[in-house]
Number of protein chains: 2
Amino acid sequence: MAVSVREVAAAASVSVGTVSNVLNRPEKVAPDTVARVLAAIDELGFVRNDAARQLRAGRSRSIGLVVLDVRNPFFTDVARGAEDRAAEDGMTILLGNSDDNPDRERAYLDLFEEQRVHGVLISPRSDDLPRLERARSRGVPVVLVDREAPDRRFSSVAVDDVVGGAMAVRHLVESGRRRIAFVGGPASIRQVADRLEGARRAAAETPGATLEVVETSGTTVLEGRAAGEAIRDRASEHRPDAIFCANDLLAVGVLQALMMLGDVRVPGDIALIGYDDIDFAQAAVVPLSSIRQPAWLIGYTAVDLLLREARDGADFEPEQVQFQPELVVRESTGR
Amino acid sequence: MAVSVREVAAAASVSVGTVSNVLNRPEKVAPDTVARVLAAIDELGFVRNDAARQLRAGRSRSIGLVVLDVRNPFFTDVARGAEDRAAEDGMTILLGNSDDNPDRERAYLDLFEEQRVHGVLISPRSDDLPRLERARSRGVPVVLVDREAPDRRFSSVAVDDVVGGAMAVRHLVESGRRRIAFVGGPASIRQVADRLEGARRAAAETPGATLEVVETSGTTVLEGRAAGEAIRDRASEHRPDAIFCANDLLAVGVLQALMMLGDVRVPGDIALIGYDDIDFAQAAVVPLSSIRQPAWLIGYTAVDLLLREARDGADFEPEQVQFQPELVVRESTGR
DNA sequence: CGTTCGTCATGAATCGTTTCAAAGATAGAT
DNA sequence: ATCTATCTTTGAAACGATTCATGACGAACG
């Protein structure tokens with residue numbers, strides 16, 4: 001069925017070694033031999049078998065990417081950045097969504113390891129460091145995405161979520177709000193925990209400011225809507241005067257619950273700020289203030305680091321890249 | 001470096017064939033032998049080399065997916081559906097974004113072919129049927145996504161975009177609008193062309209209704225905003241009284257330009273309807289009317305078809321699945 | 001006791017590409 | 001005509017898992 005180098009070699013009356021040379025080091029082969037081989041390849045419709053190359057090379061030309069959920073525009077952008085950088089080197093991205101499920105995360109890591117991926121990009125849910133450590137020790141470069149490395153042995157590309165969280169709450173406080181609610185969860189997601197931590201610190205700076213936590217079971221629009229409805233249904237004196245959501249999807253959901261399904265005004269009654277600054281934030285019912293992160297660049301940089309590590313092997317000095325979050329003020333916090 | 005079956009076999013004092021049997025047909029191996037081998041695997045940290053398996057098996061356990069751009073929530077959902085179905089069979093998704101660029105599309109197809117993917121899911125930009133045909137003839141199942149098969153030789157999962165386009169314009173007409181603008185492009189994208197075609201037909205049904213086309217160079221929020229600004233800056237008597245956008249991203253952009261950067265009211269001055277019904281449509285400044293498509297289901301079904309075709313080989317009868325679009329009415333068309 | 005059947009284990013051959021030491025060919029120098 | 005030096009080509013070995021024909025062993029049967 002499939003055409004192999006052997007048949008190409010026969011058709012061009014050369015050896016298989018020469019065919020391989022034409023494919024990989026054409027400058028080492030006499031011009032007319034190259035032409036003859038290429039003609040044979042073309043005529044027979046030969047397509048290299050990557051599995052065989054990999055077997056010999058010891059690793060594949062794919063990079064595994066494990067994220068919480070690509071449906072979150074933040075991760076989608078990260079994935080695009082990663083793909084764009086990977087494509088520059090003729091590599092492909094293997095996509096895996098962990099759905100905040102340690103088992104799925106582990107399953108993907110195993111799968112990727114079997115595929116002998118060139119490396120793994122992971123926005124790790126669980127702190128299954130041993131597993132990552134093991135992968136590394138087997139020579140699989142691992143780069144942590146959107147997560148600072150716990151020790152200097154991993155490369156990472158991250159944004160300081162504690163700073164970002166503090167930024168958000170400080171902004172709310174500066175616009176005169178005091179009774180602040182944090183909507184987000186589960187706390188097991190590091191990004192959520194860090195943003196909350198930052199929020200706590202910022203709230204603690206201001207006497208009289210309080211921070212209430214409304215925990216959600218996930219970070220989608222739906223869960224945001226549920227949290228928003230719970231807040232909306234309280235007696236108005238028990239409502240916060242500002243809400244900081246762990247991401248923009250939640251904020252969009254909260255917005256729906258408050259304004260569109262209820263009659264709480266944003267920012268009149270409650271100021272609202274999200275996180276990530278996804279494309280839709282500025283197109284929301286009330287344009288959403290948010291904390292911006294360079295998502296595409298994070299993905300791009302992560303693959304870049306990964307490829308460097310793959311190239312330099314043991315000589316590679318892990319690098320921790322840290323981007324800074326940025327406050328974007330829009331109507332939802334009463335510009 | 002890497003541990004192979006050979007070393008596992010040595011450690012467990014059995015032959016490599018037995019190790020392979022433990023891995024693939026444990027019921028054929030005596031229980032205590034199985035235990036011994038598993039212990040050895042565990043101790044040595046053996047991980048199967050998928051390249052070697054593939055080489056023998058002739059194909060990989062990945063499925064290639066080529067879409068226009070995963071950043072479009074519609075495709076993100078398709079990708080998630082595909083991944084979810086693939087995961088059920090222990091397969092992974094190789095992601096490729098063509099960016100509406102025939103060269104990139106071709107590059108990914110070549111790459112996937114070299115990887116001997118289990119099959120290819122493609123939302124084909126160009127009508128490079130010959131190439132797809134060639135892939136098929138080499139035994140690679142191909143399923144067209146969001147695109148009806150031009151002939152019965154390909155399986156496909158699609159939604160009737162002509163019907164959807166007609167639905168949108170009919171709705172606008174029924175709410176009393178007459179001077180309708182279609183915002184979308186480039187026309188080379190089939191989905192865009194079909195939706196426009198549907199819009200044309202629906203407009204033609206009503207005497208007095210006109211359809212103007214405002215062509216865009218892409219289908220993102222940014223391009224929508226540009227088109228919206230162009231319309232906003234016209235003298236008001238030259239503005240349409242309704243806009244149908246080729247997708248929701250464009251509609252969001254148009255909305256920004258009209259209402260947030262300008263003072264054209266939606267739906268007061270201009271009614272607006274999008275396409276895809278992405279999650280954010282209902283959270284937009286003015287909740288967006290749209291035409292809904294079952295994105296996740298499309299991806300899921302496509303992989304299902306693909307796996308069936310891969311299993312049954314030449315016996316497989318290509319199947320064209322067609323879902324129906326659905327009108328979702330919200331404020332933007334003046335509920 | 002000899003035969004048959006079933007259960008397990010074996011190991012060489014195979015998949016398709018790449019690598020590399022070695023041989024062969026050619027041209028230029030002496 | 002001989003010897004180098006350079007340029008090309010060769011073909012076998014290797015990567016690691018799977019397959020399958022073959023054989024070893026024991027139990028059951030007549």
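From a predicted model like this one, the values you see are computed outputs, not experimental measurements.
In this structure, A/Ser4 reaches the sugar-phosphate backbone alone: every heavy-atom distance under 4.0 Å involves primed, P, OP1 or OP2 atoms, never a base. Looking at heavy-atom distances under 4.0 Å, B/Val19 makes no contact with the nucleic acid at all. Within 4.0 Å (heavy atoms only), A/Arg6 reaches at least one base atom of the nucleic acid.
A close approach under 4.0 Å does occur between a side-chain nitrogen or oxygen of A/Thr18 and OP1 or OP2 of D/dT10.
Of the residues in residues 23-39 of chain A, A/Val29, A/Ala30, A/Thr33 come within less than 4.0 Å of DNA chain D through at least one heavy atom, sorted by number.
Taking atom CG on B/Asn49 and atom P on C/dG16, their separation rounds to 16 Å, with Å as the unit. At whole-Å resolution of the value, CZ in B/Phe46 and C1' in D/dT18 are 11 Å apart. Going from atom CZ of A/Arg61 over to atom P of C/dT17 covers 14 Å, rounded to whole Å. Atom pair B/Asn21:CG and D/dA17:P shows a separation of 14 Å (rounding to whole Å applied).
The 5' end of DNA chain C is approached more closely, in terms of each residue's nearest nucleotide, by B/Ser13 than by the other of B/Ser13 and B/Arg116.
Side-chain atoms of B/Tyr300 and B/Glu88 form a donor-acceptor pair, as typed in the model, at a separation below 3.5 Å. A/Ser60 and B/Gln115 form no side-chain donor-acceptor contact under 3.5 Å, judged by distance and modelled atom types alone. Between the side chains of B/Glu114 and A/Asn49, no donor N or O sits under 3.5 Å from an acceptor N or O. In this structure, a donor-acceptor pair under 3.5 Å is absent between the side chains of A/Ser156 and A/Gln322.
Axis angle across the helix from C/dC1-D/dG30 to C/dT30-D/dA1, with five pairs used at each end and values rounded to 10°: 60°.
In this structure, the nucleotide among D/dG16, D/dT18, C/dT17 sitting nearest to the side chain of B/Ala2 is D/dG16.
For B/Arg134 and B/Glu113, the salt-bridge test passes: some basic side-chain N is under 4.0 Å from an acidic carboxylate O.
Taking 3.5 Å as the limit, the base of D/dT18 and the side chain of B/Arg56 contain a donor-acceptor pair of atoms between them. Judged by atom type and distance alone, B/Arg53 does not reach the base of D/dT18 through any side-chain donor-acceptor pair under 3.5 Å.
If you run side-chain contact (heavy atoms from CB on, under 4.5 Å) between A/Val321 and each of A/Leu305, A/Leu297, A/Ile298, only A/Leu305 comes through.
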